[in-house]
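Numbers restart at 1 for each chain; the letters A, B, ... are given by sequence-line order, proteins then strands.
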Protein chains: 2
Amino acid sequence: MATPSLDTIFAALSDPTRRAILQMLLEDDMAVTDVAEPFDISLAAISKHLTVLTLAGLISQEKRGRVKWCKLEPDALRDASIWMQSFGQFEAVNLEAFEAYLEQALTSQGKRPDETAGPKE
Amino acid sequence: MATPSLDTIFAALSDPTRRAILQMLLEDDMAVTDVAEPFDISLAAISKHLTVLTLAGLISQEKRGRVKWCKLEPDALRDASIWMQSFGQFEAVNLEAFEAYLEQALTSQGKRPDETAGPKE
DNA sequence: GCCAAACTTAACCTATTGGTTGAAAGTACG
DNA sequence: CGTACTTTCAACCAATAGGTTAAGTTTGGC
């Protein structure tokens, strides 16, 4: 498939249901029915959302037997993020935050190295 | 204003005209008419796009005299990026860049980084 | 072979989006 | 003061989005 446009990716991300689905798929691959379970909308609606996510390249779907498995595909997400990082100021802000984190991590390192060694998961 | 939702931010980013406007505002603050100049659509349409960007918190607008100046506001963008970073694989990629920056920033700053202090997981 | 399970498709509905044009509002200036 | 400039508002339009229900299509299993 041609790599999806930023238009498509951002549009896909703009819906809370779809973002929630992506979060769920972080944990594990899921069947369509299982994806739909926590939501209050019809299976057909979920099926549409999954199509949107697939067209955006954010997930892939593979049919095994009568079950269609959905899998997270983080590449598209990375494309979107790269676009964001093309913003100078934003990058600056980001790096500032980094520095702040860094400084704090370094200072407190003398005291409690283990607790401050990295970002929380 | 209440901090705009991810819905609003991503929806704002999903339009190519609006992303182009953001790119332009990276260079400098601009008046509405000047923002509109390179585009092939009506001024009213641009005005609407600017409203969308403002509601998303991606830009701010300040009126001085009869000119309304548009200014990039990268905070909302950062929110969106933070959401993205909650995605495991993607985070890994990003943290690599973090580490690289960190190392370079510290060395050029004259600080003494302890090489083991970087975020790593 | 038949029924149920797992999805998708089709037809439909309403609200929103992105665009238009034309008029209005506020402001600078000769 | 009047006029031109900058921007928004209002009314409108076509297309899309997100949802519905009902019917259709594969596939697995008794």
Side-chain angles (χ1 to χ4, degrees), chain A residues 1 4-25 28-72 76 80, chain B residues 1 4-25 28-73 76:
Chain A
M1 197 204 314
S5 65
L6 284 175
D7 290 34
T8 319
I9 297 171
F10 281 127
L13 291 176
S14 74
D15 184 276
T17 303
R18 286 193 292 260
R19 286 199 308 278
I21 291 175
L22 291 178
Q23 299 267 17
M24 291 165 55
L25 291 178
D28 212 347
D29 299 359
M30 294 180 84
V32 174
T33 313
D34 294 332
V35 169
E37 197 270 332
F39 296 99
D40 234 18
I41 60 181
S42 70
L43 189 61
I46 294 290
S47 181
K48 282 190 189 178
H49 280 307
L50 291 171
T51 307
V52 172
L53 288 170
T54 303
L55 290 176
L58 290 161
I59 69 169
S60 60
Q61 292 179 284
E62 185 198 352
K63 197 173 177 186
R64 282 202 298 273
R66 57 181 169 182
V67 173
K68 204 165 184 180
W69 292 92
C70 306
K71 181 170 171 299
L72 195 64
Chain B
M1 197 203 313
S5 66
L6 283 175
D7 290 34
T8 319
I9 297 170
F10 282 127
L13 291 176
S14 75
D15 184 276
T17 303
R18 286 192 293 260
R19 286 199 310 278
I21 293 176
L22 292 178
Q23 299 266 19
M24 291 166 55
L25 291 178
D28 212 346
D29 298 1
M30 294 179 83
V32 175
T33 313
D34 295 332
V35 169
E37 198 269 333
F39 297 99
D40 234 18
I41 60 181
S42 70
L43 190 60
I46 294 290
S47 182
K48 282 189 189 178
H49 280 307
L50 291 172
T51 307
V52 172
L53 288 170
T54 303
L55 290 177
L58 290 162
I59 68 169
S60 61
Q61 293 179 285
E62 185 198 351
K63 197 174 178 185
R64 282 201 299 272
R66 56 183 168 181
V67 174
K68 204 164 182 180
W69 293 93
C70 306
K71 180 171 173 297
L72 196 64
E73 293 286 343

B:K48 NZ - D:dT8 P separation (whole Å): 12 Å
Separation of B:L53 atom CG from D:dT8 atom P, in whole Å? 12 Å
Determine the contact category for A:A31: base if any of its heavy atoms lies under 4.0 Å from a base atom, sugar-phosphate if only primed atoms, P, OP1 or OP2 are that close, otherwise nothing. sugar-phosphate
Could you say whether B:T51 or A:H49 is positioned toward the 5' end of DNA chain D, judged by the nucleotide with the nearest heavy atom to each? B:T51
Of all nucleotides in DNA chain C with an atom under 4.0 Å from a non-hydrogen atom of chain B, which is the first and which the last going 5' to 3'? C:dG18 to C:dA28
Could you pull out the closest heavy-atom pair between A:I59 and A:Q61, with the gap in Å? CD1-CG, 4.2 Å
Between C1' on D:dA17 and CG on A:D15, what's the gap in Å once rounded to a whole number? 9 Å
Is there a side-chain polar atom (N or O) of B:S47 under 4.0 Å from OP1 or OP2 of D:dT7? no
How far apart are the closest heavy atoms of A:V32 and A:I46, and which atoms are they? O-CG2, 4.5 Å
Look for any protein N or O under 3.5 Å of an N or O in nucleotides 26-30 of chain D and output each such pair with its distance, or none.
| residue | atom | partner | partner atom | Å |
| --- | --- | --- | --- | --- |
| D:dG28 | O4' | A:R66 | NE | 3.4 |

Please determine whether side chain to side chain contact (heavy atoms under 4.5 Å, CB included) holds for the pair B:L58 and B:R18, giving the CA-CA distance in whole Å, both sets of side-chain angles, and the decisive distance to 0.1 Å. CA-CA 10 Å; B:L58 290 162; B:R18 286 192 293 260; over 6 Å; no
Judged by nearest nucleotide, the residue sitting upstream toward the 5' end of DNA chain C, A:L43 or B:R18, is A:L43
B:E62 has an atom CD; how far is it from atom C1' of D:dT7, in whole Å? 15 Å
Atom pair CE (A:M24) and CG (A:D29), whose distance is rounded to the nearest 0.5 Å: 12.0 Å
What I'd like to find out is whether the side chain of A:R19 reaches to under 4.5 Å of the side chain of B:D7, using heavy atoms alone. yes
Gap between atoms CG and P, on A:L13 and D:dA17 respectively (whole Å): 15 Å
Let's see if you can work this out: which of D:dG18, D:dT6, D:dA22 has an atom nearest to the side-chain heavy atoms of B:T33? D:dT6
When rounded to the nearest 0.5 angstrom, what is the spacing between CG in A:L72 and CG in A:D28? 11.0 Å
CG (B:L55) and CG (B:L50) are apart, to the nearest 0.5 Å, by 11.0 Å
Indicate the atoms forming the closest heavy-atom contact of B:S14 with A:F10, along with that distance. CA-CB, 3.6 Å
Calculate the interatomic distance between B:K68 atom NZ and D:dC9 atom C1'; express it in whole Å. 12 Å
Within the 4.0 Å heavy-atom criterion, would you say B:I41 contacts the bases, only the backbone, or no part of the nucleic acid? sugar-phosphate
Of A:A11 and B:I46, the one whose closest DNA chain D nucleotide lies more 5': B:I46
Sub-4.5 Å side-chain heavy-atom contact between A:I41 and A:H49: yes
